[in-house]
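All residue numbers refer to positions in the sequence shown, counting from 1.
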Amino acid sequence: MNTDWQTKTIAPNGHLVQVDCNSGAERHIQHASCKCGQAMLIEFDAKYSGRHDRKRVFYADSPDNLSAFRCRGCHEPVSDCVPGANYEVRSNYNSMIKRRVIQQPKPRCCDRV
């Protein structure tokens, strides 16, 4: 799929809002760089992120839908060495896990001792 991303505006949170001129799809991006200086992009609420927090870290020259999990320069995980690429636990996902762990099944009337 051929894409041509153009910057549309800057969101209040500082993310660039880009639009694909061919499909009209929008994405929110932040420019970032690794601690070793390697330039990267972070897409928020990405359709094909592979992460629970739906962030996609990638290089500007990488093909669409390809994520970077380690830096090309220092080979460290991007979640550790790129500011903004750290993993975040979404509150709804976190509450779902807590419900599964904390809630115990209610005893039935025939289970009384």
TODO: Fit a plane to each ring of Phe44 and His15, take the angle between them on a 0 to 90° scale, and name the class: parallel (under 30°), tilted (30 to 60°) or perpendicular (over 60°).
DONE: parallel
- [ ] List the atom of Ile42, the atom of Ala85, and the distance in Å for their closest heavy-atom pair.
- [x] CD1-N, 3.8 Å
Open item on the list: Using 0.5 Å steps for rounding, measure from the CZ atom of Phe58 to the CG atom of Leu41.
Closed with: 4.5 Å
Open item on the list: So, taking the atom named CG in Asp80 and the one named CG in Asn86, what distance separates them when rounded to the nearest 0.5 Å?
Closed with: 9.0 Å
Open item on the list: For Val82 versus Ala32, what's the shortest heavy-atom pair and its separation?
Closed with: CG1-CB, 3.7 Å
Open item on the list: So, taking the atom named SG in Cys34 and the one named CZ in Arg72, what distance separates them when rounded to the nearest 0.5 Å?
Closed with: 12.0 Å
- [ ] Measure the spacing between CE of Met40 and SG of Cys81 and express it to the nearest 0.5 Å.
- [x] 5.5 Å
Open item on the list: When you measure from the side chain of Lys47 to the backbone of Arg54, do you find a donor-acceptor pair of N or O atoms at a distance under 3.5 Å?
Closed with: no
Open item on the list: Please report the interatomic distance SG(Cys74) to NZ(Lys35), rounded to the nearest 0.5 Å.
Closed with: 6.0 Å
- [ ] Examine distances only and state if a side-chain atom of Ser23 and a backbone atom of Ala25 form a donor-acceptor pair shorter than 3.5 Å.
- [x] yes
Open item on the list: Looking at His75, is its backbone amide N or carbonyl O close enough to the side chain of Arg70 to form a donor-acceptor pair, meaning the two atoms are under 3.5 Å apart?
Closed with: yes
Open item on the list: Show the nearest heavy-atom pair for residues Ser67 and Arg56, with the distance to one decimal.
Closed with: OG-CG, 3.0 Å
Open item on the list: Check whether Lys55 reaches the backbone of Gly84 with its side chain - one donor and one acceptor, N or O, closer than 3.5 Å.
Closed with: yes
Open item on the list: Could you check whether any side-chain N or O of Tyr59 sits under 3.5 Å from a backbone N or O of Leu66, counting only pairs where one atom can act as donor and the other as acceptor?
Closed with: no
Open item on the list: Donor-acceptor pair, distance only, cut-off 3.5 Å: does the side chain of Asp20 make one with the backbone of Trp5?
Closed with: no
Open item on the list: Under the side-chain hydrogen bond (donor to acceptor under 3.5 Å, both in side chains) test against Gln18, which residue among His28, Glu43, Arg27 passes?
Closed with: Arg27
TODO: Locate the shortest heavy-atom distance separating Ser33 from Pro83; write the atom from each residue and the value.
DONE: O-CD, 3.3 Å
